[in-house]
Engineer: 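First the structure, which I've put down as structure tokens, then a few questions once you've had a look.
Chain A is the first sequence line, chain B the second, and so forth, proteins listed ahead of strands; every chain is numbered from 1.
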Amino acid sequence: RGDTEIHNEHLSLVFDSATGYLKTVTNLKKKLTLNVNQAFYWYNSSTGNNKDSTQRSGAYIFRPNGTEPLTIKTKGSVITKVVAGKLVQEVHQVFNDWVTQVIRLYAGQRQAELEWTVGPIPFKDGLGKEIITRFDSDLKTDKKFYTDANGREILQRELNHRQTWKLNQTEPVAGNYYPVNSRIFIKDASKQLTVLTDRSQGGSSLKDGSLELMVHRRMFYDDNFGVGEALNETGVFGDGLVARGKHYLMLESPADSGQLHRTLGEQLYMAPAVSFTPNTLSTQDWS
Amino acid sequence: SSQRFREAMAVAQHHDAVSGTEKQHVANDYAMRLHAGAVECQAVVGRALTSKMKKGSVDPPAAQFCTYLNISICPTTEDNDNFAVTVYNPLARQLTGHYLRLPVNGQAYTVSSPKGTSVETQMLKVSPRTVKVRGPRGNATSELVFPVTVPALGFNTYLVSQASKRNTRMESLFMPQAETKLNVVSMMIPQSPMM
């Protein structure tokens with residue numbers, strides 16, 4: 001009946017009692033609390049043609065037909081299960097038939113793990129869908145956000161702005177999307193919210209305190225840039241692909257974040273290789 | 001065949017593979033090449049681990065890999081009551097507090113560290129499978145979670161036994177010695193072109 005909370009020695013995550021969405025993140029050791037709502041949304045793809053100003057969304061082009069994403073509609077709380085344990089605590093969320101998420105806190109780890117599962121994206125309504133996860137916080141970010149750039153240094157991005165020319169922004173959403181190869185973050189003077197990805201994705205911050213990443217997409221028209229096919233992967237059963245991946249969320253001070261997200265990034269992108277063998281030996285005999 | 005992954009990666013440098021703008025049948029071909037390369041790499045890693053573990057005339061069993069752990073599928077851990085887990089750390093510093101999550105079918109398991117000490121574990125239920133799967137379909141009822149520590153550029157082996165079927169002789173031999181430091185499975189792998 002109340003809010004749901006999971007925590008380890010570093011982080012506390014609180015989920016809203018009515019919606020089941022993530023509500024606050026607290027760094028317990030540094031006493032930093034961030035009000036942050038996390039949920040999934042989808043942009044409806046443009047279905048025009050590239051002969052005039054109604055460019056379609058497709059394999060090459062991300063072009064939503066509006067500036068606001070549509071909400072993944074949920075009924076009541078999305079939380080279906082909470083697991084408490086000494087090593088790992090989990091909150092299971094079901095947003096609808098094709099969007100679910102498990103949020104985990106492992107003992108001793110400074111980051112929360114968000115494992116999302118999206119798909120098969122419905123197609124019977126004929127609407128192209130580009131699915132995002134979005135974190136809306138109370139950070140005062142002054143239109144600034146940060147993404148890594150093709151494996152090189154992290155670059156500051158600014159909403160509707162380019163550093164070296166005067167931009168006439170005609171695409172308020174897509175024109176502010178940037179490649180996120182491993183991480184994206186927003187910050188103010190005292191707090192930094194960093195999200196590391198397990199694969200390259202597109203990401204942006206379209207409002208102050210907001211951070212979004214595109215996790216899956218499915219469209220029904222070719223964008224006329226050469227591929228000659230719509231980006232409509234049907235999978236072996238014909239109903240579409242299911243994508244599953246992870247985001248790693250950190251809330252730290254801006255001063256400490258650089259070292260911490262780089263250390264975590266090394267662990268994620270040079271992850272250990274695990275192999276198995278059936279065994280009938282004791283430890284001594286194995287040794 | 002040891003070049004297969006390099007060749008697949010080289011092919012995938014094409015801009016269509018990087019950005020995902022290839023036709024579907026080309027995407028399928030890229031995936032096939034990368035998979036074949038990954039399988040070859042697993043064989044190379046398996047041979048390297050075997051050579052490092054070999055003591056005298058005894059050949060250690062061949063390493064098996066599980067590429068479907070993200071959907072709770074691993075035949076070796078699901079079908080065996082006792083199995084060894086070898087973790088190789090490619091980082092140039094010790095890895096601590098890393099958690100393994102293995103699909104299993106038993107109710108409770110004991111995990112021995114390379115030093116012979118008991119490792120804390122947690123069991124979690126696997127959610128009901130709602131998505132159609134082609135090919136191997138996991139039957140695991142639970143996931144076994146435990147932390148591992150691995151030396152820089154080296155490996156550690158953890159032994160996992162289903163608690164209810166554990167050999168009583170093994171239990172009597174090892175439980176009193178839970179803190180005994182054997183420290184022989186953990187070893188450094190010197191720089192090797194193969195690795």
Engineer: In terms of heavy-atom proximity below 4.5 Å to chain A, should B:S127 be classed as side chain, backbone, both, or neither?
Structural biologist: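 Contact with chain A: side chain only.
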Engineer: Under 4.5 Å from any heavy atom of chain B, what part of A:Q109 do you find: side chain, backbone, both or neither?
Structural biologist: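 Contact with chain B is through the side chain of A:Q109 alone.
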Engineer: Could you measure the distance from the OH atom of B:Y88 to the OG atom of A:S275? Nearest 0.5 Å is fine.
Structural biologist: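 Between B:Y88 OH and A:S275 OG, I get 12.0 Å after rounding to 0.5 Å.
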Engineer: Measure from the side-chain N and O atoms of B:Q122 to the backbone N and O of A:V88, and report whether any donor-acceptor pair falls under 3.5 Å.
Structural biologist: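 Between the backbone of A:V88 and the side chain of B:Q122 there is a qualifying donor-acceptor contact (under 3.5 Å).
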Engineer: Rounded to the nearest 0.5 Å, what's the gap from CG on B:D81 to CG on A:N279? Could you check?
Structural biologist: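 Interatomic distance, B:D81 CG to A:N279 CG, rounded to 0.5 Å: 11.5 Å.
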Engineer: Should the heavy atoms of other residues, nucleotides or ligands under 6.0 Å from CZ of B:F65 be counted, would the total exceed 12?
Structural biologist: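 Yes, the 6.0 Å shell around CZ holds more than 12 heavy atoms from other groups.
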Engineer: Quick one: list whatever passes side chain to side chain contact (heavy atoms under 4.5 Å, CB included) with B:S72, sequence neighbours left out.
Structural biologist: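 Side chain to side chain contact (heavy atoms under 4.5 Å, CB included) list for B:S72, sorted by chain: B:P103, B:V126, B:R129, B:E143.
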Engineer: Checking B:V150 against chain A: side chain, backbone, both or neither under 4.5 Å from a heavy atom?
Structural biologist: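 Looking at B:V150, nothing touches chain A.
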Engineer: So which part of B:D79 gets closer than 4.5 Å to some heavy atom of chain A, the side chain, the backbone, both or neither?
Structural biologist: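 For B:D79, there is no contact with chain A at all, as no heavy atom is under 4.5 Å.
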Engineer: Answer yes or no: are there more than 12 heavy-atom neighbours, outside B:K23 itself, under 6.0 Å from its atom NZ?
Structural biologist: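 Check passes, neighbour count above 12.
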Engineer: Of the non-hydrogen atoms in B:V85 and A:V274, which two are nearest, and what is the gap between them?
Structural biologist: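 That would be CG1-CG1, 3.6 Å.
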Engineer: Measure B:T77 against the heavy atoms of chain A and call it side chain, backbone, both or neither at under 4.5 Å.
Structural biologist: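 Side chain of B:T77 only, per the 4.5 Å heavy-atom cut-off to chain A.
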Engineer: Go through A:Y60, A:F276, A:Y106 and name the one with the most non-hydrogen pairs under 4.5 angstrom from chain B.
Structural biologist: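 Maximum pair count with chain B is reached by A:F276.
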Engineer: Considering only heavy atoms and a distance below 4.5 Å, find which of A:A59, A:G85, A:A273 pairs most often with chain B.
Structural biologist: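 So the answer, after comparing A:A59, A:G85, A:A273, is A:A273.
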Engineer: If every non-hydrogen atom of A:L231 is compared with every non-hydrogen atom of B:G20, which pair is closest and at what distance?
Structural biologist: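 Smallest interatomic distance, heavy atoms only, reads CD1-O, 4.3 Å.
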Engineer: Tell me the residues of residues 25-34 of chain B whose non-hydrogen atoms fall below 4.5 Å from those of chain A, in number order.
Structural biologist: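 Those residues of residues 25-34 of chain B which would need a heavy atom under 4.5 Å from chain A do not exist here.
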Engineer: Would one find more than 12 heavy atoms of other residues, nucleotides or ligands at under 6.0 Å from atom NE2 of B:H35?
Structural biologist: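 For B:H35, atom NE2 is not crowded (no more than 12 foreign heavy atoms under 6.0 Å).
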Engineer: Tell me, for A:A271 versus chain B, whether the close heavy atoms (under 4.5 Å) come from the side chain, the backbone, both or neither.
Structural biologist: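 The answer is the backbone of A:A271.
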Engineer: With chain A, which of B:T86, B:N80, B:L124 has the greatest number of heavy-atom pairs at distances under 4.5 Å?
Structural biologist: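 Of the options given, most contacts go to B:T86.
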Engineer: Do any of residues 92-101 of chain B have a heavy atom less than 4.5 Å from a heavy atom of chain A, and if so, which, in residue order?
Structural biologist: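 Only B:R93, B:L95, B:G97, B:H98, B:Y99, B:L100, B:R101 of residues 92-101 of chain B have a heavy atom under 4.5 Å from chain A.
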Engineer: Given heavy-atom pairs under 4.5 angstrom as the criterion, report whether the side chain, backbone, both or neither of B:Q42 touches chain A.
Structural biologist: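 Neither the backbone nor the side chain of B:Q42 comes within 4.5 Å of chain A.
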Engineer: Measure the CD-CG distance between A:E115 and B:N70 for me, rounded to the nearest 0.5 Å.
Structural biologist: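 Answer rounded to 0.5 Å: 7.0 Å.
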Engineer: Determine which residues belonging to residues 91-104 of chain A lie within contact range of chain B, meaning some heavy atom pair is under 4.5 Å apart, and list them by number or answer 'none'.
Structural biologist: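 Near chain B, by residue number: A:H92, A:R104.
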Engineer: Given heavy-atom pairs under 4.5 angstrom as the criterion, report whether the side chain, backbone, both or neither of A:K246 touches chain B.
Structural biologist: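 Neither part.
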Engineer: With side-chain contact (heavy atoms from CB on, under 4.5 Å) as the test, would you mind laying out the steps for A:T277 and B:T76 before giving the verdict?
Structural biologist: CA-CA 7 Å; A:T277 50; B:T76 311; over 6 Å; no
Engineer: Could you tell me which of A:T263, A:T80, A:T234 has the largest number of non-hydrogen atom pairs under 4.5 Å with chain B?
Structural biologist: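 Heavy-atom pair counts peak at A:T263.
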Engineer: May I ask you to decide if B:Q24's main-chain N or O and A:E229's side chain share a donor-acceptor pair within less than 3.5 Å?
Structural biologist: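 Checking the backbone N and O of B:Q24 against the side chain of A:E229, a donor-acceptor pair under 3.5 Å is found.
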